[in-house]
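Counting convention: from 1, in listed order, for ligands and their atoms alike. Position 1 is the first residue of the sequence, and the numbers go up from there.
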Amino acid sequence: MKKFYITTPIFYPNSKLHMGHAYTTTLSDILARYHRLLHEDVYFLSGSDENTQKMIDAARREGKEPLLFLDLIVENFKSLYASLDISIDQFIRTTNREAHWPGAQALWKKLVEAGDIYKKEYEGLYCVGHEAFVTEKDLTDGLCPDHGTKPEFLKEENYFFKLSRYGDTIIEKIESDELHVIPQSRKNEILSFLRTGLEDVSFSRPRKSDWPDGLGIPVPGDDSQVMYVWCDALANYITALGYGRDDELYTKFWPTDVHVIGKDILRFHAAIWPGMLLSAGIPLPKTLLVHGFITSGGKKMSKTLGNVIDPEELINEYGAEAVRYYLARHVSPFEDGDITREGFKEAYNGNLANGLGNVVSRVMTMAQAHLNDTVVTEINTLPQEFLNAMNAYKVNEACEMIWKRIGALDERIAVEKPFALIKTDEVAGKRIIEELVREVYLIGCTLYSIMPKTSELIKAAVRENKKPENLFPRKE
Ligand code: ME8
């Protein structure tokens, strides 16, 4: 059995997840389900990145004890995942001392053995928003352009990782697609970055006295330092499989087939992470699928602009299946995408209430009225065009193909009018209805990874030869 290991980034639990995080996670879930449909042995990982200063700051702003604050936010992450039907096999938390710390420390020791960790006095600017050191040239008027905050000046003794040693090898692996960066535009972007030369990176921070016990992974052999959060976080992809602790899943599933990430964290995944793996002698990920950013009304979602779209709100109003549909079809996996409430409603009414919902209801109403038996439906393979699009991660194109078929079905009913024909030529009328039902069933099957519940309802309606409940009530 072919295996398929897919991951999302582990998100920062400093606030609730928004539509961007919902996008990454839904896209990953669609791919995980698709590969299960192909009878592959799938492992799907997600989690939270918890050993961070920004989480502590957020907890303090809310007057909560950090570890309690973490538990509350993580509950919230998990409840969003449950509403969206995200089929993860594991949710890894980087404060988990049993699941995560032993592997992260084992990996650190490998880097030490390779001679790639050294101590150095360091001075520089640190952006808490990015959880990364930044330089003057990254700033606009002295502020981080992404977070609008002034970076802290730090002078401290840290352990460094000799990332500079691995630049050439990483370039080779990416050029040859041994580490396949998708889409091509992101591959070009990271290659030109790598060609400017990689510097060594600070890989630890002095343990802060105000961090609670249980937060921050101690550097092996030096308790006064904790691992730099990105070194700790990237390790999750192997620690969750039991690396350095219990190798069964690790042996079976590593290397990962796809890390799904947003464009903001490309450098961490296509420079630091491969560097760490090369140093430790661990095989590299096969694919990095780098998606764009979701904006709202053409602008970055921001509380001040009032254009933040909360996935929970949309789910409450339209249902999770509609949210999954929208993200799958109306956001390209390779480019930035835009969501507005008006656009969402239009897509819902046009393509779910009127499109899919209506066509299934029309066909099954005819079937229920005129066919005595369930139409025999045997689907051995999905349309090649659909498989090709999904294999190339073009989930939006796969959806286009499905909706083209939905449109064609509608058209056929309008042109051939089986409901009228059946009155004059019963045999011919029934034959057409049977064909329509088969097509509805096929559409139901192709929808499985995108809208799992809708897919089940459609297939059940065909099996029971009856009209399903109203799948997508129109919104006025
Ligand atoms: O970076 N549009 O966590 P994070 C689309 N903990 N996707 C978006 C988005 C938007 N507007 N905003 C965020 C971290 N994302 C680290 C990751 S992994 C070892 C550690 C998604 O909570 C997108 O996937 O800031 C992006 O890469 C990720 O959330 C960043 O999540």
For ligand 1, list all ligand N or O to protein N or O distances below 3.5 Å, rounded to 0.1 Å.
residue, atom, partner, partner atom, Å
ligand 1, 2 (N), Ile294, N, 2.8
ligand 1, 6 (N), Ile10, O, 2.7
ligand 1, 6 (N), Asp49, OD2, 2.7
ligand 1, 7 (N), Gly20, O, 3.3
ligand 1, 11 (N), Ile294, O, 3.3
ligand 1, 22 (O), Tyr12, N, 2.9
ligand 1, 24 (O), Thr24, OG1, 2.7
ligand 1, 24 (O), Gly262, N, 3.3
ligand 1, 27 (O), Gly262, N, 3.0
ligand 1, 27 (O), Asp264, OD1, 2.7

Tyr122/Phe160 aromatic ring centres below 6.0 Å
yes
salt_bridge(Asp71, Arg93) N-O dist < 4.0 Å:
yes
Reference residue Arg205; test side-chain hydrogen bond (donor to acceptor under 3.5 Å, both in side chains); the match among Glu156, Gln53, Gln225:
Glu156
Counting only heavy atoms not in Asn188, do more than 12 fall under 6.0 Å of its CG?
yes
Classify the angle between the aromatic ring planes of Phe161 and Phe203 as parallel (below 30°), tilted (30 to 60°) or perpendicular (above 60°).
parallel
NZ/NE/NH1/NH2 to OD/OE distance under 4.0 Å, Arg195 and Glu175
yes
